[in-house]
Amino acid sequence: MKCKVCKADAVVSLPSHNTAFCKEHFTKFYLKLVSEGIRKRSLLERDDKVLVALSGGKDSLGLMYALSELGYDVTGLHIDLGIFESSQKARAVVEDFCRDKGYPLKVVELEKEGVPMPLIKKHIRRPICSICGKFKRHYFNKVALEDGYTALATGHNLDDEVARLFANTLRWDQAYLSDQGPVLPAENGFAKKVKPLFRVSEFESANFSFLMGIPYHHLPCPYSGGASFTGHKLLWRDLELRSPGSKRAFYKGFLDRGQPAFAAIAQDEKSNEVKPCIECGCPTSAVTCNVCRLKEQLRQSIEESGK
Ligand code: SF4
Ligand code: ZN
Ligand code: ZN
């Protein structure tokens, strides 16, 4: 197969776009997908100070690299979850990557915050991934606001977004459907959140990181027993094989026609007043935020168990 642009041998074939590219033209195509997405859906302004959440996976590192190549002011943020070897490896990959590329990096260590995930897992009997997600979102937002960043970017790609949208649609979850999209504006004490890879498939993201020589962390988290959305991603993979472009069309249709309709309904029903948490100042609709309540639960459990 030949590159659509220069007719050299292609290294990536993209049936969903009905095309193929050599390395140079795939890189240009990828960066254009990202920059056009940012512009068309108004994700970022040129003067935004962007904090990029870096897990150590291919998507987040590729996103950091792409935003930097596109000229944005980027700083990485890694949350060290304290999950044994898996977290050590992830952190090392992120630190090496940022050092090599000369990107500024901030690290939050949950061990130092007194809430490493293994300790939480031992004391709090609730699904660990949901708690882990709450802590990650809490610290992303806290660092973004306290350190003056105007946008928080995450590496969710098109496959992640479609799987999430599909799950929300299967439940007709109005609240989530009204909020889902590549940009959530800053409001009520929350920083602006953007997902600049929303037009990039997992396959395209993996190819970009591979071709750019970006190393990434792939030691699975020991707590990831059957990661959410995996089943939905498999269904979509089959659908995409039968009908290339379905994922893109499904998500674009939602952004153009579905999301605005759900947002209009939610606007009428919005009643929850958001106030600063009395403990940490982060936004919450209760008196103390989720994370402070979990910290208190952990403290009590440790006290009761005597260790
Ligand atoms: Fe956190 Fe669960 Fe992911 Fe492990 S698998 S990093 S516990 S969300
Ligand atoms: Zn080419
Ligand atoms: Zn709090």
Side-chain angles (χ1 to χ4, degrees), residues 1-14 17 19-32 53-57 59-60 78-91 93-94 108-111 113-143 145-146 154-156 160 164 188-190 207 211 216-230 274-299:
M1 194 169 277
K2 301 289 178 197
C3 170
K4 182 190 170 189
V5 183
C6 70
K7 312 298 174 214
D9 285 343
V11 294
V12 186
S13 158
L14 302 175
H17 294 277
T19 191
F21 293 113
C22 68
K23 178 178 171 179
E24 181 196 339
H25 290 114
F26 173 71
T27 308
K28 285 190 174 154
F29 166 81
Y30 180 96
L31 290 175
K32 196 169 162 210
L54 298 179
S55 64
D59 298 311
S60 64
H78 177 68
I79 312 279
D80 183 337
L81 303 167
I83 307 177
F84 319 115
E85 213 193 335
S86 158
S87 290
Q88 287 164 12
K89 286 253 165 71
R91 181 172 173 169
V93 166
V94 170
V108 173
E109 287 180 39
L110 293 195
E111 182 86 51
E113 299 289 321
V115 284
M117 282 305 129
L119 189 67
I120 301 227
K121 185 163 168 48
K122 186 174 160 196
H123 286 275
I124 298 182
R125 302 217 168 278
R126 285 185 20 210
I128 189 67
C129 290
S130 135
I131 297 182
C132 182
K134 284 187 174 56
F135 274 88
K136 283 189 272 197
R137 286 192 294 277
H138 173 83
Y139 284 104
F140 288 151
N141 194 56
K142 192 167 157 51
V143 174
L145 291 180
E146 287 180 357
T154 56
H156 295 95
D160 298 325
R164 179 179 296 274
N188 292 331
F190 290 102
N207 271 282
L211 292 172
Y216 58 86
H217 159 69
H218 39 71
L219 192 67
C221 171
Y223 303 150
S224 68
S228 52
F229 305 141
T230 305
V274 175
K275 303 175 296 265
C277 162
I278 57 162
E279 297 287 336
C280 72
C282 287
T284 175
S285 49
V287 179
T288 47
C289 73
N290 261 323
V291 162
C292 287
R293 287 202 300 274
L294 283 164
K295 283 181 174 174
E296 177 55 19
Q297 243 178 293
L298 177 66
R299 194 192 59 73

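When a ligand or atom number is given, it counts from 1 through the structure's own listing order.
- If you check which protein heavy atom lies closest to atom 6 (S) of ligand 1, you get L81 CD1, 3.6 Å.
- Using a 4.0 Å cut-off between a side-chain N of Lys or Arg and a carboxylate O of Asp or Glu, R293 and E279 do not qualify as a salt bridge.
- The closest protein non-hydrogen atom to atom 3 (Fe) of ligand 1 is K136 NZ, 4.1 Å.
- Between the side chain of H78 and the main chain of L54, a donor-acceptor pair closer than 3.5 Å is present.
- Residue-and-atom listing of protein N/O/S atoms under 2.8 Å from the Zn ion (ligand 3), sorted by chain and number: C277 SG, C280 SG, C289 SG, C292 SG.
- Under the 4.5 Å side-chain criterion, counting only non-hydrogen atoms from C-beta, V115 is in contact with K295.
- In this structure, of C132, P118, S224, A90, the residue bringing a heavy atom nearest to atom 5 (S) of ligand 1 is S224.
- With a heavy-atom cut-off of 4.0 Å, C129 touches ligand 1 through backbone and side chain alike.
- Counting only heavy atoms of the protein, atom 4 (Fe) of ligand 1 lies nearest to C221 SG, 2.3 Å.
- Side-chain contact, H156 with T154: a donor N or O sits under 3.5 Å from an acceptor N or O.
- Under the side chain to side chain contact (heavy atoms under 4.5 Å, CB included) rule, I83 has a single partner from M117, Q88, K121, which is M117.
- Atom NZ of K32 sits in a sparse spot, with 12 or fewer heavy atoms from other residues, nucleotides or ligands closer than 6.0 Å.
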